[in-house]
Participant: 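Okay, here's the structure, questions in a sec.
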Amino acid sequence: MEFDSTIFFDQLLSEAYVRGALLSLGLAVASQAGAVVIGFGLALGKSSKFAAVRSVCTGYIWFFRAIPALLLLLLMWNGLPQLSPVFQREWYSPFLAAFIGLALAEGAFMAEIIRSALMRVDDGQQLAARALGMTRTQVLFKVVLPQATRVALPPTGNEFIGMVKYTSLASVISLQELLTTAQMGVAVTFRYAEYYAAATVYYLVIVSVLMLLQNRIERRFTWTSTPTKRRFPALSRPQTPEKVPA
Amino acid sequence: MKTPPLLEVQNLHKSYNNVEVLGGVDFTVQRGQVKALLGPSGSGKSTILRMISLLEPCDSGTILLDGEQIGVIGGRVDVRPAPERILARQRTAIGMVFQKFNLFPHLDATRNVMSGLTTVLKVPKKEAREQALEMLDRVGLAARAHAYPSELSGGQQQRVAIARALVMKPKLMLFDEPTSALDPELVREVLDVMEKLASDGMTMVVVTHEMRFARSVASEVALFDSGQIVEQAPPDRFFDAPEHERTRRFLAHMH
Ligand SMILES: Nc1ncnc2c1ncn2[C@@H]1O[C@H](COP(=O)(O)OP(=O)(O)OP(=O)(O)O)[C@@H](O)[C@H]1O
Ligand SMILES: [Mg+2]
């Protein structure tokens with residue numbers, strides 16, 4: 001059986017794949033955003049002055065780092081509805097189950113990234129900010145967080161790309177994301193190569209766009225008045241040549 | 001009636017892990033005066049500035065700014081440590097300049113100077129920017145208003161830090177070894193700014209190792225050792241005719 005490029009392109013441009021890709025991307029963005037929020041809360045909680053808060057956070061991180069994401073998704077989708085009728089209602093969609101599961105799991109990893117980023121900010125920063133009269137909350141959001149963000153950006157970008165791939169796990173709970181779309185096509189046509197290749201292309205495109213985006217955001221965090229050199233010169237737009245004095 | 005001293009520190013005590021760092025410090029600074037604090041490393045100079053600037057609570061003692069006790073709430077009878085919100089408000093009256101500048105690296109010079117105005121005093125952005133630029137001009141950095149800290153020399157960074165504190169219109173400025181982290185050739189520009197500030201009538205407490213600065217600018221010089229003030233006197237007497245043996249030894253060491 002030869003690779004049939006007509007099938008491949010038909011699928012690549014089909015509505016089902018576009019929808020699957022958007023669903024994957026949407027799930028990844030939502031879950032990662034949720035994980036950042038959870039991770040931030042855990043990071044603050046781990047340096048709380050209350051021992052109880054600290055141990056709850058440590059326990060959370062221990063638990064969700066240990067559980068395989070696949071198991072967590074199955075638990076969310078199949079387990080929760082058995083435990084409580086609330087989750088048998090219509091609003092509890094596979095998307096929601098996947099979002100909760102992935103955000104909870106990833107939150108444990110984001111907690112460590114954010115915590116170490118917060119600790120990397122020099123102690124003199126909060127002293128100077130407090131000396132100006134800023135409250136603890138103002139110090140956190142105006143001074144510490146922007147600096148911690150710069151430290152946390154590269155590892156968070158990494159996690160985000162990982163998350164795009166983790167969304168494919170949601171195929172086991174019948175969410176029609178990218179991989180499920182391919183699987184369903186394969187089930188009737190048995191054209192494995194073409195259908196999987198189309199999915200591969202979408203993953204490549206999504207991850208490439210995200211990498212470019214990450215690069216752009218990181219450049220905003222260089223904190224210099226002159227634009228710095230781009231990290232991927234080949235990908236950068238051609239720069240206007242400097243004017244040579246006549 | 002005599003006006004109270006601008007700063008009055010009475011019987012200040014502070015221990016860390018049961019080790020006494022400040023053992024009952026008393027001193028006063030009159031309005032418009034410059035007090036230079038000298039002393040060996042570890043004698044508690046930074047600690048006392050952190051207490052006065054309310055960055056850390058003292059164990060006991062009182063700090064009066066312009067006749068009013070700061071760091072506490074309540075009347076004469078039930079004095080309690082002030083909550084963080086009140087402390088934050090009181091800190092705006094006291095400017096602090098650190099040895100390592102501690103500029104905010106993610107903000108350019110102008111926005112560093114603006115930060116206290118907009119965040120703490122809620123001054124509108126436009127007005128804050130104008131005040132910041134004016135203050136940067138005063139420390140000779142109008143031309144570098146849009147440079148980020150990483151693009152400035154140590155001396156320039158320290159001048160921005162001074163501007164950032166000054167723009168809040170504090171009653172008192174505290175300096176903790178403001179030139180100790182600088183290359184020798186950059187010390188002068190910072191001392192010049194401080195000297196001008198002193199001659200403009202700002203009340204200042206300066207922890208320093210710059211003997212020439214202490215002699216020429218300070219109204220009074222104090223020697224700090226083991227959490228106590230050993231000797232304080234006007235600079236002529238302090239440097240030329242010190243009363244205490246400890247002061248003589250310290251001065252001999254510095255030359
Ligand atoms: N947060 C703290 N916890 C424990 N000990 C501290 C703390 N801060 C200061 N100390 C101790 O208090 C003493 C005085 O410190 P301080 O920083 O006030 O000295 P200094 O006179 O400013 O010295 P230097 O000239 O080196 O800056 C030192 O022995 C120091 O180790
Ligand atoms: Mg010190």
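Here is the naming used below: chain letters follow the sequence lines, and residue numbers restart at 1 for every chain. Keep in mind that what you see is a predicted model, and the values were worked out from it rather than measured.
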Participant: Return the option, out of B:His146, B:Lys100, B:Arg164, with the maximum number of heavy-atom pairs under 4.5 Å with chain A.
Facilitator: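 Result: the option with the highest number of such pairs is B:Arg164.
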Participant: Is there any residue in residues 109-136 of chain A with a non-hydrogen atom under 4.5 Å from a non-hydrogen atom of chain B, and which ones are they?
Facilitator: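 Checking residues 109-136 of chain A against chain B gives A:Asp122, A:Gly124, A:Gln125, A:Leu127, A:Ala128, A:Ala129, A:Arg130, A:Ala131, A:Leu132, A:Gly133, A:Met134, A:Thr135, A:Arg136.
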Participant: Which members of residues 85-96 of chain B, sorted by number, sit under 4.5 angstrom from chain A on a heavy-atom basis?
Facilitator: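 Within residues 85-96 of chain B, the residues that come under 4.5 Å of chain A (heavy atoms only) are B:Ala88, B:Arg91, B:Thr92, B:Ile94, B:Met96.
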Participant: Could you please state which residues from residues 111-123 of chain B sit under 4.5 angstrom from chain A, measuring non-hydrogen atom to non-hydrogen atom, sorted by number, or 'none'?
Facilitator: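 Within residues 111-123 of chain B, near chain A: B:Ser115, B:Gly116, B:Thr119, B:Val120, B:Lys122.
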Participant: Can you tell me which of B:Phe98, B:Phe104, B:Phe101 forms the most heavy-atom pairs within a distance under 4.5 Å of chain A?
Facilitator: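 Looking at each of B:Phe98, B:Phe104, B:Phe101 in turn, B:Phe104 comes out on top.
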Participant: Kindly indicate whether the side chain of A:Thr224, heavy atoms from C-beta on, has any atom under 4.5 Å from the side chain of B:Ser150.
Facilitator: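 They are in contact (side-chain heavy atoms under 4.5 Å apart), so the answer is yes.
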Participant: Report the option among B:Pro170, B:Ser53, B:Pro105, B:Ala147 that has the most heavy-atom pairs separated by less than 4.5 Å from atoms of chain A.
Facilitator: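 Of the candidates given, the most pairs with chain A belong to B:Pro105.
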Participant: Rounded at 0.5 Å granularity, tell me how far CH2 in A:Trp223 sits from CG in B:Leu107.
Facilitator: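 Answer for the CH2-CG pair, A:Trp223 versus B:Leu107, is 9.0 Å.
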Participant: Can you tell me if CH2 on A:Trp62 sees more than 12 non-hydrogen neighbours from other groups inside 6.0 Å?
Facilitator: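 Incorrect, the count does not exceed 12.
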Participant: Taking B:His106 for its side chain and A:Lys142 for its backbone only, find out whether a donor-acceptor pair lies under 3.5 Å.
Facilitator: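 Indeed, once roles are kept as given, a pair shorter than 3.5 Å links the two residues.
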Participant: What pairs with B:Val19 under side-chain contact (heavy atoms from CB on, under 4.5 Å), at least two apart in sequence or on another chain?
Facilitator: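 So B:Val19 forms no side-chain contact (heavy atoms from CB on, under 4.5 Å) with any residue.
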